[in-house]
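Take a look at the structure below.
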Amino acid sequence: MQALGINTPPGSGRLSILQRHLTAVPVSGQVATVSHPTSFQYTLDNDLLTTEQRHFYEENGFLVVKNLVSDQDIDNFRSAFEKVCRKELEAPGLVVMRDVVIAKSEFVPDQKAITKIQDFQELPELFRYCSLPQILRYVECFLGPNIMAMHTMLINKPPDAGKKTSRHPMHQDLHYFPFRPAERIVCAWTAMERIDRSNGCLVVIPGTHKGELKQHDYPEWEGGVNKMYHGVRDFDPNSPRVHLVMEKGDTVFFHPVLLHGSGMNKTAGFRKAISCHYASSDCYYIDVKGTSQENIEKEISELARKRYGLEEGITLKDAWFTRARCVKGERLNM
Ligand SMILES: CCCCCCCCCC(=O)SCCNC(=O)CCNC(=O)[C@H](O)C(C)(C)COP(=O)(O)OP(=O)(O)OC[C@H]1O[C@@H](n2cnc3c(N)ncnc32)[C@H](O)[C@@H]1OP(=O)(O)O
Ligand SMILES: Nc1ncnc2c1ncn2[C@@H]1O[C@H](COP(=O)(O)OP(=O)(O)OP(=O)(O)O)[C@@H](O)[C@H]1O
Ligand SMILES: O=C(O)CCC(=O)C(=O)O
Ligand SMILES: [Fe+2]
Ligand SMILES: [Mg+2]
């Protein structure tokens with residue numbers, strides 16, 4: 001896993017750029033070797049990414065940067081999360097979600113049953129993550145200078161209750177997003193502790209960001225599936241998966257078409273990660289009617305009807321427009 005797009009010093013591969021243009025460099029078992037595009041599609045000109053990192057993202061659709069967020073910041077996010085669980089902190093729009101097994105059982109869950117919180121754009125203690133300058137500097141390499149925080153999450157993957165519901169099925173985040181173009185959207189996902197296969201790390205299929213957005217549905221999992229955890233239809237379990245083992249503070253940036261999921265948490269602890277999906281404020285909204293995204297729009301509209309009494313329901317665009325916050329530059333279309 002050492003060479004998985006991790007922030008190694010320039011030239012550490014001991015190959016000159018010229019050689020790299022001529023040679024296929026074995027990076028790691030499953031990861032694409034370096035075949036250099038002459039023009040870049042997924043990254044912008046910048047003075048932060050090394051040539052190697054830029055090519056890595058272009059080819060694989062993700063990039064891990066080691067140690068990007070300090071222990072102090074992470075400890076503060078953890079403490080804010082705990083306050084939300086204890087209901088000592090609240091904010092408009094905040095969604096608190098419990099694991100499906102716990103939500104559907106009789107037993108009264110305690111705060112530990114929380115599987116994730118979403119939409120903390122009005123909670124400064126957590127939203128600060130989305131404005132961290134060292135994260136935005138990377139985000140700018142993918143999106144340019146006008147940056148919107150579209151979706152915020154703190155995932156608290158619970159110890160699996162024995163039904164494998166702690167897994168997140170393989171999916172493409174773009175399925176949830178009614179805005180384009182995809183290459184001007186990126187997710188930053190930071191490990192709040194060491195995350196490996198034992199507690200359910202991110203699993204990615206390198207290079208899939210170059211493909212199309214696929215049809216998503218609920219996977220047919222015997223133990224049940226969490227609400228809105230759609231998975232890509234007809235996922236081939238033999239696809240070359242790469243498990244991203246990350247230490248506290250390591251951050252992965254990934255493209256919204258990259259196929260990814262996360263495994264079961266086999267430990268007794270709650271595996272924590274914090275994330276934000278960003279889009280360039282030059283992006284534009286699309287109407288998802290008649291597309292594969294119609295099913296998620298319907299589900300979100302239904303939820304808005306039930307939960308907020310919005311009789312007409314809402315469009316996917318409405319759902320995102322109200323959450324979006326500008327974190328750098330200007331708010332344009334989004
Ligand atoms: C626009 C936002 C879209 C987000 C896109 C994100 C892109 C990134 C990819 C993902 O993260 S995919 C997963 C996204 N998942 C969500 O957005 C789900 C967010 N969670 C929620 O909306 C609420 O937590 C939820 C509606 C599931 C529960 O709300 P409440 O806490 O008000 O639940 P309540 O206890 O009142 O239960 C309401 C119903 O939901 C059921 N329920 C609760 N938690 C559940 C769960 N975890 N899974 C399945 N069902 C669940 C519960 O059993 C009950 O069912 P019945 O109506 O049949 O009685
Ligand atoms: N039937 C399926 N459809 C879609 N995605 C699946 C399916 N089964 C597993 N996955 C996904 O594949 C990824 C890996 O799953 P798995 O539970 O094997 O975890 P793992 O981290 O590989 O664990 P282990 O180390 O035990 O293999 C997860 O993202 C999981 O949600
Ligand atoms: O398991 C995780 O932490 C990430 C899940 C994920 O990919 C998502 O919520 O979109
Ligand atoms: Fe995702
Ligand atoms: Mg496995």
Side-chain angles (χ1 to χ4, degrees), residues 61-64 69 74 77-78 81 95-100 114-120 126 129-130 149-160 164-177 179 182 185-206 208-209 211 213-214 216-219 221 225-232 235 241-267 269-279 293 296 299-300 316 319-320 323:
F62 68 97
L63 179 70
V64 178
V69 179
I74 288 174
F77 302 143
R78 177 182 282 263
F81 172 73
V95 173
V96 175
M97 184 172 187
R98 291 166 208 286
D99 184 82
V100 58
I114 292 171
T115 196
K116 74 161 148 179
I117 62 176
Q118 264 177 208
D119 305 324
F120 49 71
L126 287 177
Y129 168 76
C130 308
M150 302 301 296
H151 186 229
T152 55
M153 278 192 287
L154 193 155
I155 306 128
N156 187 47
K157 191 191 277 283
D160 200 273
K164 300 189 181 176
T165 53
S166 67
R167 290 181 303 175
H168 199 126
M170 298 303 286
H171 65 282
Q172 298 165 307
D173 290 343
L174 194 68
H175 174 60
Y176 300 89
F177 300 149
F179 38 90
I185 304 171
V186 75
C187 177
W189 185 101
T190 300
M192 295 177 67
E193 61 195 295
R194 181 186 158 84
I195 301 183
D196 56 27
R197 285 176 86 151
S198 69
N199 55 4
C201 61
L202 278 189
V203 180
V204 303
I205 321 279
T208 47
H209 66 300
L213 176 62
K214 302 214 160 79
H216 288 63
D217 316 286
Y218 281 109
W221 285 354
V225 188
N226 278 309
K227 192 146 177 92
M228 289 187 212
Y229 280 39
H230 294 187
V232 70
F235 173 66
R241 298 182 302 164
V242 169
H243 291 77
L244 300 184
V245 174
M246 294 167 62
E247 301 295 334
K248 182 175 179 179
D250 293 357
T251 300
V252 60
F253 296 90
F254 64 91
H255 185 284
V257 179
L258 184 76
L259 201 47
H260 66 284
S262 62
M264 162 154 88
N265 181 0
K266 299 164 197 154
T267 69
F270 289 72
R271 185 227 76 176
K272 288 181 181 56
I274 185 165
S275 77
C276 181
H277 285 85
Y278 300 93
Q293 294 177 264
I296 189 69
E299 204 170 329
I300 287 173
L316 203 49
W320 289 107
R323 286 167 169 80

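Here the structure is a predicted model, which means the values were calculated and not measured. Atoms within a ligand are numbered from 1 in the order they appear, just like the ligands themselves.
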Parallel, tilted or perpendicular: rings of H175 and H216 (30°, 60°)
parallel
When the aromatic ring centroids of W320 and F177 are compared, is their separation below 6.0 Å?
yes
Touching ligand 3 at all, Y176? Heavy atoms, strictly under 4.0 Å?
no
Identity of the N, O or S atom of D173 lying closest to the Fe ion (ligand 4):
OD1
Do any of the N, O or S atoms of H260 sit under 2.8 Å from the Fe ion (ligand 4)?
yes
Pairing of R194 and E247 as salt bridge, 4.0 angstrom limit
yes
Numbered atoms and elements of ligand 3 in range of H260, under 4.0 angstrom, heavy atoms
7 (O)
Under 4.0 Å from a heavy atom of M153: which atoms of ligand 3 are those, numbered in the order shown and with their elements?
8 (C), 9 (O), 10 (O)
Of the choices M170, K157, H151, H168, which has the non-hydrogen atom that lies closest to atom 5 (C) of ligand 3?
H168
List every atom of ligand 3 that sits less than 4.0 Å from any heavy atom of S262, numbering the atoms from 1 in the order shown and giving each element.
1 (O), 2 (C)
Hydrogens and angles aside, do K116 and N156 bring a side-chain donor and acceptor to less than 3.5 Å of each other?
no
Identified ring-ring contact (aromatic ring centres under 6.0 Å, His included) counterpart of H230 within the set F235, Y218, W221:
Y218
Mind listing the closest non-hydrogen atom pair of I205 and R241 along with its distance?
CD1-CG, 3.6 Å
Enclosure of K164 NZ (heavy-atom neighbours >12, cutoff 6.0 Å):
no
Which atoms of ligand 3 sit under 4.0 Å from any heavy atom of W189?
2 (C), 3 (O), 4 (C)
Tell me which N, O or S atom from H171 is the closest to the Fe ion (ligand 4).
NE2
Is R271 in polar range of ligand 3, meaning some N or O pair under 3.5 Å apart?
yes
